[in-house]
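Okay, structure first, notes after.
Throughout, protein chains are lettered first and strands after them, A, B, ... in sequence-line order, and every chain is numbered starting at 1.
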2 protein chains.
Amino acid sequence: MPKISQAQKDARRQQILAAAARCFSRDGFHATTTADIVRESGVSQGTLYLYFTTKDEIVAALADDRHQGDAFLNALAEAEHDPVQGLLLLIELYGRGLADPKRREARRVGVQGWGEALRSPTILASVTQGQAAVRRAIVHLVERGQASGLVRADVVPEAAARTLIALFQGLVLQTTWGERLDLEACGRLIREMIRSAILTDQARAETR
Amino acid sequence: MPKISQAQKDARRQQILAAAARCFSRDGFHATTTADIVRESGVSQGTLYLYFTTKDEIVAALADDRHQGDAFLNALAEAEHDPVQGLLLLIELYGRGLADPKRREARRVGVQGWGEALRSPTILASVTQGQAAVRRAIVHLVERGQASGLVRADVVPEAAARTLIALFQGLVLQTTWGERLDLEACGRLIREMIRSAILTDQARAETR
DNA sequence: CGCTATAATGACTGATCCGTCAGTTTATTT
DNA sequence: AAATAAACTGACGGATCAGTCATTATAGCG
């Protein structure tokens, strides 16, 4: 076969990644053999290694893909005129992803990646960079909120961002374990926490 | 060798578990071979399988040990006369564990376990049972608080517990990745979140 | 219509690893 | 001190797996 278009290359790559995600979600990263991915994707063993030089690289690529999607959400939130609305929108968007059955596989692969990051510098870099992007988005929103008197001045933007992210990470974890949790009630509590511990009286009055 | 005392058996078991924890923390669960654990612990390959029937069982045992420690913290908090003080104590205790360099290894192994739980029912059971114990402790404290008018009646105890646990899980994750996070500021924010979104005005007045 | 560069293939390998088991050691009992 | 039973040992086997490479297939170009 001759040179193929970039689009074709991307499609092949996606084909492999999608298959790998199914396998990782089902069996876990280490219990998945390259043969499994080959079977699931329909490409040959050799082709697998034309697109990825190592199994670890596949996880890292999946993490990157995930963060591409996150970046879209972050951009949506940052585009909001009112930073407080942006913050609440972000919570809303990530909250939806938490409950969405279609994202179950992505969540399971994500949690795997969190663990693998402790072992592989490549995966760690991919994961922490993705987190950093979300964090920057939140920090930016909080700072904008402080500048306009909508967010309490004594809130450390970085800490607020980390705390919010931590919250969602934990909820992803619990959801992924198949725990039945009342996301509705958790969401209400989180919004109340933000309203009362992060926003100023002024913002609280406006967002009621 | 003849029958040995239970204490000796326990010591051997701990010797193996400690070695395994070091290995898992350093290299990750799957990259650790039983040979590694043997080398690190000083027991023979055969002895390893006298105490554990499988490698998975070692992780599960480590998780159980971890939850033993947690149970102690939970009991401490529940012993507090004032449920609000109990809640704040719990936060304080878990917060300390978050920053303690001596618990670094335990945190790393813990995060690995979170991932492995998706693959092994044994590990999942161990992890979720441990979580459930913490959750019960928090739920109990919240309910006691509500009964005495110190916790807002519109708080769903189960959701509050899950949310608080999620918070710490996320912070453990970020800490374990080696991220430099301002735990002091996060702690202040979390306390403020609890004070303002969970406690009643009455309790707020008392705990100032 | 060949020719060529590129893509795809899949059988194969060297290495690794978990768990076993036949045999050895040693404290206690008789 | 001999017998016994429990604890321990470590070499080994059967299975698996990540990654390679010699070969084949094919799309475009001249």
- Select base, sugar-phosphate, or nothing to describe what A:Y51 touches, counting heavy atoms under 4.0 Å on all strands. sugar-phosphate
- Item | A:R13 with A:D10: basic N within carboxylate O range, under 4.0 Å | no
- Message: Across nucleotides 15-20 of chain D, 5' to 3', mark each nucleotide with B, S or - according to how protein heavy atoms within less than 4.0 Å reach it.
- Response: --SBBB
- Task: Specify the separation, in whole Å, of atom CD1 of B:I16 and atom P of C:dG19.
- Result: 14 Å
- With a 4.0 Å cut-off on heavy atoms, is B:L48 in touch with a base, just the backbone sugar-phosphate, or nothing at all? nothing
- Task: Tell me, please, which residues at least two apart from A:R191 pass salt bridge (charged side-chain N to carboxylate O under 4.0 Å, His left out).
- Result: none
- Query: Quick one: B:F52 CZ to D:dC8 C1', roughly how many Å, whole number?
  - Reply: 16 Å
- Task: Using a strict 4.0 Å threshold on nitrogen-to-oxygen distance, state whether B:D182 and A:R162 make a salt bridge.
- Result: no
- Task: Please report, rounded to the nearest Å, how far the C1' atom of D:dG28 is from the CD1 atom of A:I4.
- Result: 13 Å
- So, the side chain of A:S120 versus the backbone of A:E116: is there a donor-acceptor pair under 3.5 Å, distance only? no
- Task: Send over the distance from B:E57 CD to C:dG19 P, rounded to a whole Å.
- Result: 10 Å
- So does A:S44 get a side-chain nitrogen or oxygen closer than 4.0 Å to the phosphate oxygens (OP1/OP2) of C:dA8? no
- Message: Could you work out, with salt bridge (charged side-chain N to carboxylate O under 4.0 Å, His left out) as the rule, every residue matching B:R135, not counting sequence neighbours?
- Response: A:E179, B:E158
- Message: Can a donor-acceptor pair be found, under 3.5 Å and without considering hydrogens, that links the side chain of B:Q146 to the backbone of B:R152?
- Response: yes
- Task: Let me know the distance between CD of A:Q8 and C1' of C:dA8, rounded to the nearest Å.
- Result: 13 Å
- Query: Taking CZ from B:R12 and P from C:dT26, how many angstroms apart are they, rounded to a whole number?
  - Reply: 13 Å
